[in-house]
Amino acid sequence: SEESEMYHAQIHLYKHVYNFVSAMALKSVMELGIADIIHNNGKPITLSELASSLKLHPSKISVLHRFLRLLTHNGFFAKTKVQEEEAYVLTPPSKLLITTKPTCLAPIVKGALHSSSLDMWHSSKKWFTEDKGLTLYETATNESFWAFLNGNHDSLIMFQEAMAADSHMFKLALKECKHVFENLESLVDVGGGIGGVTKLINEAFPHMKCIVFDQPQVVANCSGNENLSFVGGDMFKSIPSADAVLLKWVLHDWNDELSLKILKNCKEAISHKGKKGKVIIIDIAIDEESDDPELTELKLDYDLVMLTMFNGKERGKKEWENLIYEAGFSNYKITPICGFKSLIEVYP
Ligand SMILES: Oc1ccc2c(c1)OC[C@]1(O)c3cc4c(cc3O[C@H]21)OCO4
């Protein structure tokens, strides 16, 4: 009936209006360190045990229960019984918040839901109606997000820890895509930040000469080892030579024109010593036909985060192909990795 269609539409609309509630509840649980408490408890934990671990005021115990109820409903916790009393256990998504594990993604939750990433959205009408080539972030703050990070040490650390946290997922993927890095004598990790990924590659391939290449102020206080070095520079000007260039979660920060510039400099960097060389891109590839709707939604969410913060973009397979050929490369191969990213090997 028309009414029931209206009622369903209403639920759909309100659900989206309040999508932020589960995100912020997850942020609260991350800040309280609840995953660590349950993990360290070594067994299911009751609400009162959890509340006393958190030293919550008695009036906040029911508050905690309501937060856990929503997050249990959304798959972050599961309920069980301990001597007839309800108790909570972690699920795979909340296990990603255990801060003592290398696969901890708490820094991403912290960075992505930091007010510096959220406040800009209140300026979107201004952004849409202006004809300036600014990002939403710049419209809201009058500076680029990169300038903000370079001007706020704590936020830069938060961002770099988020990137490094995501890199540990790559450690799992490295097992499946080891062959991509085999027989490389050298590799330069462009936009490698504090070396999250490069250190993992250096551990897996100790004989490979690895260079972490990022802006001078980013690599300034980083130190490596005899096969891991940090080099400061500008990837839009030139990139140090190596057998392979790695671009992990870099090109989605940049529009096509700037991404082309980076890729052309990569082509220069791998054409040394006349060897074949390759560019290894690790980034999101939108694929609406074969991805399930939830995965596509994540990729489209990231597309708007990149657009609004960096004037970047997530790319579909065809867009990656066009960019790769436009940059003068002759061939490429896309392999899904890490759940929602792809590894794209690009050959000159
Ligand atoms: O190339 C990338 C990859 C992921 C992210 C990027 C850029 O910026 C947006 C983001 O939501 C974000 C924003 C942040 C942050 C981490 C963080 O992770 C997310 O720490 C401070 O602000």
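Position 1 is the first residue of the sequence, and the numbers go up from there. As the structure lists them, so they are numbered: ligands from 1, and atoms in each ligand from 1.
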Margin query: Within the 3.5 Å criterion, strictly below it, is a donor on Gln217 or Asn150 matched to an acceptor on the partner's side chain?
Written below: yes
Checklist line | Amino acids contacting ligand 1, non-hydrogen cut-off under 4.0 Å | finding: Gly111, Ala112, Ser117, Phe145, Met158, Phe159, Ala162, Met163, Trp249, His252, Asp253, Tyr302, Val305, Met306, Met309, Phe310
Item checked: No-hydrogen, no-angle side-chain donor-acceptor test under 3.5 Å, Gln83 and Glu85 -> no
Margin query: Under a 3.5 Å cutoff, is there a donor and acceptor pairing between the side chains of Glu138 and Thr135?
Written below: yes
Check: According to the interplanar angle, ranging from 0 to 90°, do the rings of Tyr137 and Phe148 count as parallel (below 30°), tilted (30 to 60°) or perpendicular (above 60°)?
Finding: tilted
Next item on the list: Please say which of Leu26, Leu90, Asp36 ends up in a side chain to side chain contact (heavy atoms under 4.5 Å, CB included) with Leu97.
Entry: Leu26
Margin query: Whether the Tyr347 and Glu345 side chains hold a donor-acceptor pair (N or O, under 3.5 Å, no angle test) is what I'd like checked.
Written below: yes
